[in-house]
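I have placed the structure first, in the form of structure tokens, so that the comments after it can refer back to it.
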Amino acid sequence: FVLGALCLFGSFKIVSSLKEDLKSALVFSSVVAVFVLVLGAIGIVLGLFLIGLFYFASRNVVDHGFSIGREEKPHIITFAIALTALSAIVGIIVVVAAAYLVTQSALMLASTFHVAESLIGLTLLSLGTTIPELSVSIAAIKKFQLNLAIGNIVGSIITNIGLILGLAAILSPRILNSDILFSLGALVVINAIIFALVHKESFGWQQGLILIGLYVFYLLSLGIFIVN
């Protein structure tokens with residue numbers, strides 16, 4: 001959804017290094033999804049394994065970023081840079097607080113309307129937690145920082161599949177219901193389509209409509225699957 005929304009702001013090209021990072025993130029999330037589908041459950045062992053994968057995957061991305069950064073001139077820490085760092089920390093705190101409020105509101109909605117928590121989590125909650133990510137990416141695009149926007153997407157994929165799912169598996173081992181299994185299968189299919197789109201030289205509004213259409217199709221399919 002985030003990548004699709006960015007495409008609607010104009011055409012752009014992804015540098016080859018970030019394109020490979022994006023492909024790796026897609027493959028990473030697809031392999032984990034298939035693995036969890038086969039198991040049909042999450043547990044402590046799986047959680048530790050996923051966190052280990054997250055560590056190695058993120059370290060590879062970070063090392064690549066530092067290798068590029070060493071080629072640039074070092075910056076002297078100034079008041080402006082310190083203020084920017086402080087603003088970033090405050091922003092993170094606000095996002096964490098907002099995420100807590102969104103989660104509590106989603107649980108209240110699920111209880112009030114007697115809707116499965118998994119449905120709220122897969123739709124309303126996931127969309128709500130994606131808005132800050134989308135805001136950051138749009139702000140980066142407006143400042144012509146495409147690499148930052150794409151890096152945000154790559155980091156989000158790796159963190160959600162590795163760290164977040166890993167912690168969830170450790171803290172709350174359980175057998176997965178059919179809603180979650182359906183979403184994991186949809187994730188694999190959608191990742192394959194995005195992987196094919198990434199091979200293109202540039203992204204534009206056509207690719208954006210395809211990606212957003214996939215997201216809408218997923219939501220409709222999930223609703224029909226749950227109802228039936």
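Since the structure is predicted, the reported quantities are computational estimates derived from the model, not experimental observations.
Minimum interatomic distance between Pro173 and Leu171 (heavy atoms only, all atoms of both residues): CD-C, 3.7 Å.
One finds the NZ atom of Lys19 at 9.5 Å from the CG atom of Leu22 (value rounded to the nearest 0.5 Å). For the atom pair OG (Ser172) and CG (Leu167), the distance works out to 12.0 Å, reported to the nearest 0.5 Å. Note: Thr159 OG1 to Leu165 CG = 12.0 Å, rounded to the nearest 0.5 Å.
Distance alone, capped at 3.5 Å, is enough to place a donor-acceptor pair between the Asn160 side chain and the Ser156 backbone. Under a 3.5 Å cut-off, the side chain of Ser221 and the backbone N or O of Phe217 do form a donor-acceptor pair.
Residues Phe195 and Leu214 share a single hydrophobic cluster, defined by chaining ILVMFWY side chains whose heavy atoms lie under 4.5 Å apart. By the criterion of side-chain heavy atoms lying less than 4.5 angstrom apart, applied directly or through intervening Ile, Leu, Val, Met, Phe, Trp or Tyr residues, Ile190 is grouped together with Leu197 in one hydrophobic cluster. Tracing side-chain contacts under 4.5 Å through hydrophobic residues (I, L, V, M, F, W, Y), one never reaches Leu148 starting from Ile158; they form parts of separate clusters. Transitive grouping of hydrophobic side chains (ILVMFWY, heavy atoms separated by less than 4.5 Å) brings Phe54 and Ile170 into a common cluster. Cluster annotation: Ile193 and Tyr215 are assigned to the same hydrophobic cluster (Ile/Leu/Val/Met/Phe/Trp/Tyr, side-chain heavy-atom contacts under 4.5 Å, transitive).
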Asp21 vs Ile153, test: side chain to side chain contact (heavy atoms under 4.5 Å, CB included). Steps then yes/no.
CA-CA 10 Å; Asp21 287 340; Ile153 295 173; over 6 Å; no
Would you check, one step at a time, whether the test side chain to side chain contact (heavy atoms under 4.5 Å, CB included) holds for Leu184 with Leu176?
CA-CA 10 Å; Leu184 289 173; Leu176 301 178; 4.2 Å; yes
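Around the CG atom of Leu86, the shell of radius 6.0 Å holds more than 12 heavy atoms that belong to other residues, nucleotides or ligands.
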Show me the donor-acceptor pairs, under 3.5 Å and distance only, between side chains in residues 26-49 and residues at least two apart or in other chains.
from: Ser29; atom 1: OG; to: Ala25; atom 2: O; distance (Å): 3.2
from: Ser29; atom 1: OG; to: Leu26; atom 2: O; distance (Å): 3.0
from: Ser29; atom 1: OG; to: Asn191; atom 2: ND2; distance (Å): 2.7
from: Ser30; atom 1: OG; to: Leu26; atom 2: O; distance (Å): 2.9
from: Ser30; atom 1: OG; to: Asn191; atom 2: ND2; distance (Å): 3.0

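Between Ile180 and Asn177 the shortest side-chain heavy-atom distance falls below 4.5 Å.
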